[in-house]
Amino acid sequence: MGEAFASDSFYSEASHGLFGALTGGAFTWGADYVLPEHRALVGFAAGATVGILGEALSRNGFSALDAGSHLLGAAFGAAVTDKFLLAPVIKRDVGHSSSYIGVILVKHF
């Protein structure tokens with residue numbers, strides 16, 4: 001059996017962060033069809049779960065630095081996908097059962 005070597009270099013952690021961003025963004029994109037009001041939270045949670053499970057099941061042992069890089073990437077990917085790549089979601093106000101359209105005019109004196 002050969003030896004395995006791990007590295008905590010910038011490129012290693014950047015690759016974990018990039019994969020986290022891709023998974024967080026992909027799950028956010030998918031959640032847009034199921035839970036559009038909470039798509040960023042669902043995307044982050046699913047992307048983070050992939051990273052944590054990947055590290056937990058790794059033959060080289062659990063690396064908190066790799067898992068943390070993946071978590072940061074998943075948060076970034078979910079936020080960017082939610083705010084900049086997907087269409088805005090119209091949310092209902094709490095306490096209002098019906099939809100409404102209004103105009104607010106402001107005049108400074």
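All residue numbers refer to positions in the sequence shown, counting from 1.
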Are the side chains of Trp29 and Leu85 in contact, using a 4.5 Å heavy-atom criterion?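 Yes - at least one pair of side-chain heavy atoms lies under 4.5 Å apart.
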So which residues get pulled into Leu57's cluster when ILVMFWY side chains under 4.5 Å apart are joined, directly or through others? none
Is there a path from Val50 to Val42 through hydrophobic residues (I, L, V, M, F, W, Y) whose side chains come within less than 4.5 Å of each other? no
Taking all atoms of both residues into account, what is the closest heavy-atom pair of Gly47 and Ala74, and its distance? C-CB, 4.1 Å
Drop me the distance from His16's NE2 to Leu71's CG, to the nearest 0.5 angstrom.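 That separation rounds to 12.0 Å.
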Taking all atoms of both residues into account, what is the closest heavy-atom pair of Gly43 and Ala78, and its distance?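 In this case the closest contact between Gly43 and Ala78 is C-CB, 4.3 Å.
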Quick one: closest heavy-atom pair of Ser12 and Asp66, and the distance?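 Closest pair (atom of Ser12, atom of Asp66, distance): OG-OD1, 4.3 Å.
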List the atom of Ala56, the atom of Phe62, and the distance in Å for their closest heavy-atom pair.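 Looking at all heavy atoms of both residues, the closest pair is N-CD1, 3.8 Å.
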Interatomic distance, CZ@Phe44 vs CG@Asp82, rounded to 0.5 Å, equals 13.5 Å
Atom pair CG (Leu22) and CZ (Phe19), whose distance is rounded to the nearest 0.5 Å: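 Answer rounded to 0.5 Å: 7.5 Å.
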Mark yes or no for whether Ser58, through its side chain, and Gly54, through its backbone, hold a donor-acceptor pair below 3.5 Å.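 Pair absent, no side-chain N/O of Ser58 close to backbone of Gly54.
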Looking only at atom types and distance, does a side-chain atom of Arg39 sit under 3.5 Å from a main-chain N or O of Gly30, one as donor and one as acceptor?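 Not confirmed, Arg39 side chain does not pair with Gly30 backbone.
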In Å, rounded to the nearest 0.5 Å, how long is the span from OG of Ser69 to CG of Asp8? 8.5 Å
Test item: Glu55 side-chain N/O and Ser63 main-chain N/O as donor-acceptor pair under 3.5 Å: yes
Pick from Thr23, Leu18, Leu65: which one makes a side chain to side chain contact (heavy atoms under 4.5 Å, CB included) with His70? Thr23
Minimum-distance pair of heavy atoms, taken over all atoms of Asp32 and Pro36: O-CB, 3.6 Å
